[in-house]
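Here is how names work: the chains are called A, B, and so on, in the same order as the sequence lines, proteins then strands, and each is numbered from 1.
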Protein chains: 2
Amino acid sequence: MNIGQAAEHTGLSAKTIRYYEDIDLVTPARRRDNGYRDYVERDIHMLRFVARARDLGFSVEDCRVLLALYDDKGRKSADVKEIALRRVADIDEKIEALKGMRATLAHLAEKCHGDDRPDCPILDEFAEGGSERI
Amino acid sequence: MNIGQAAEHTGLSAKTIRYYEDIDLVTPARRRDNGYRDYVERDIHMLRFVARARDLGFSVEDCRVLLALYDDKGRKSADVKEIALRRVADIDEKIEALKGMRATLAHLAEKCHGDDRPDCPILDEFAEGGSERI
DNA sequence: ATAAGGCTTCCAGTTACTGGAAGGTCAAGG
DNA sequence: CCTTGACCTTCCAGTAACTGGAAGCCTTAT
């Protein structure tokens, strides 16, 4: 399977797949006589594994650890769980912060006339600088 | 106020403040005779605004737009309102995406034994059900 | 006078790709 | 057989948004 097909099967771009090989995140694909990379089922699995983890917000370095753990017969599921739970906590924090920003912006937008008059409570609040919220 | 104090007041690093000046995101601070940057209230508020927006996932380019509107005396409050409302929609989207991610991770972590046993549903899920070795 | 720490600039590195140039390969059509 | 276009290859650069470090000047305190 060429890199193009591998890309289709994994949802990654060919560029990204080459990049992952380049940084030794995944084991290099076999080469055919013409120099083309040749992907087999196992390669696709590994790439999909990475694609999914990345999609869930794991860093490439996290993926490196996860792949090592997955490949390691003696790995502890506790290690993996800890990584996942740390990500959950990160996400919770981010969600809370976004909710705060959303409330501020929605509130200001509501107070804003939305006409052509130049005064705007959103920017006024910034100009006055009295508030830590925009 | 030196850049160090400005950093403390805004939660940004001195490096970051210089960087923001470098890319013309904020107006350059006045220089004192010794060449040191001198920050006044207005600078601090501008930096805080940027810091908060950046913290919540707004790009530097987003910040540039908001700051430009602030500087433009002829701006229409409708413009600002529109940007604010678009950001609110962006934030809602982001929150939803994060919630989805959180749900998946939390679910997987819950199913994970978290002991030393080698089988781990998180990794199994990443591999998309395959018990096959990667 | 000297040491510690803050300030300056500039250059390089980071993360995770992405784009593009220059060129080799392959299958189909004329 | 030749061409066309879609692949593939490598390598070099650039992106966002900083961050680290070197070299050197400035300030403050002892």
* To do: Return each pair, listed once, that meets salt bridge (charged side-chain N to carboxylate O under 4.0 Å, His left out) where at least one residue sits in residues 9-27 of chain B; pairs must be two or more places apart or across chains.
  =>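 Sorted pair list: E21(B)-R31(B), E21(B)-R37(B).
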Are [Y] and [X] linked, directly or through intermediate hydrophobic residues, by side-chain heavy-atom contacts shorter than 4.5 Å (ILVMFWY only)?
X	Y	result
V40(B)	M46(B)	no
L85(B)	I91(B)	no
I17(B)	M1(B)	yes

What's the [atom1]-[atom2] distance between [X] and [N], to the nearest Å?
X	N	atom1	atom2	value
D38(A)	dT9(D)	CG	P	10 Å
Y19(B)	dA16(D)	OH	P	7 Å
E21(A)	dC8(D)	CD	P	14 Å
I3(B)	dT19(D)	CD1	C1'	14 Å
I23(B)	dA17(D)	CD1	P	8 Å

* Structure fact -> When K15(B) and V60(B) are each assigned the nearest nucleotide of DNA chain D, the 5'-most assignment goes to V60(B)
* **Whichever of R18(A) and T16(B) has its nearest DNA chain D nucleotide further upstream toward 5'** =>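 So the residue in question is R18(A).
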Just by modelled atom types, is the [Y] backbone N or O under 3.5 Å from a matching donor or acceptor in the [X] side chain?
X	Y	result
R64(B)	S59(B)	no
H9(A)	Q5(A)	yes
T16(B)	L12(B)	no

* Which is the 5'-most and which the 3'-most nucleotide of DNA chain C that has an atom under 4.0 Å from a heavy atom of chain B? ->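 Reading along DNA chain C, I get dG6(C) to dC10(C).
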* Output yes when D38(B) and R32(B) qualify as a salt bridge under the 4.0 Å nitrogen-oxygen rule, no when they do not. =>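 Salt bridge present between D38(B) and R32(B).
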* Within the structure, does a side-chain N or O atom of R37(A) lie under 4.0 Å from either OP1 or OP2 of dT9(D)? ->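 For dT9(D), OP1/OP2 do have a side-chain N/O of R37(A) under 4.0 Å.
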* Flag for E41(B)-H45(B): side-chain donor and acceptor within less than 3.5 Å ->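 The criterion, which ignores hydrogens and geometry beyond distance, is satisfied for E41(B) and H45(B).
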* Heavy atoms under 4.0 Å is the rule here; annotate nucleotides 25-30 of chain D 5' to 3' with B where the base is hit, S where only the sugar-phosphate is, and - elsewhere. => -BS---
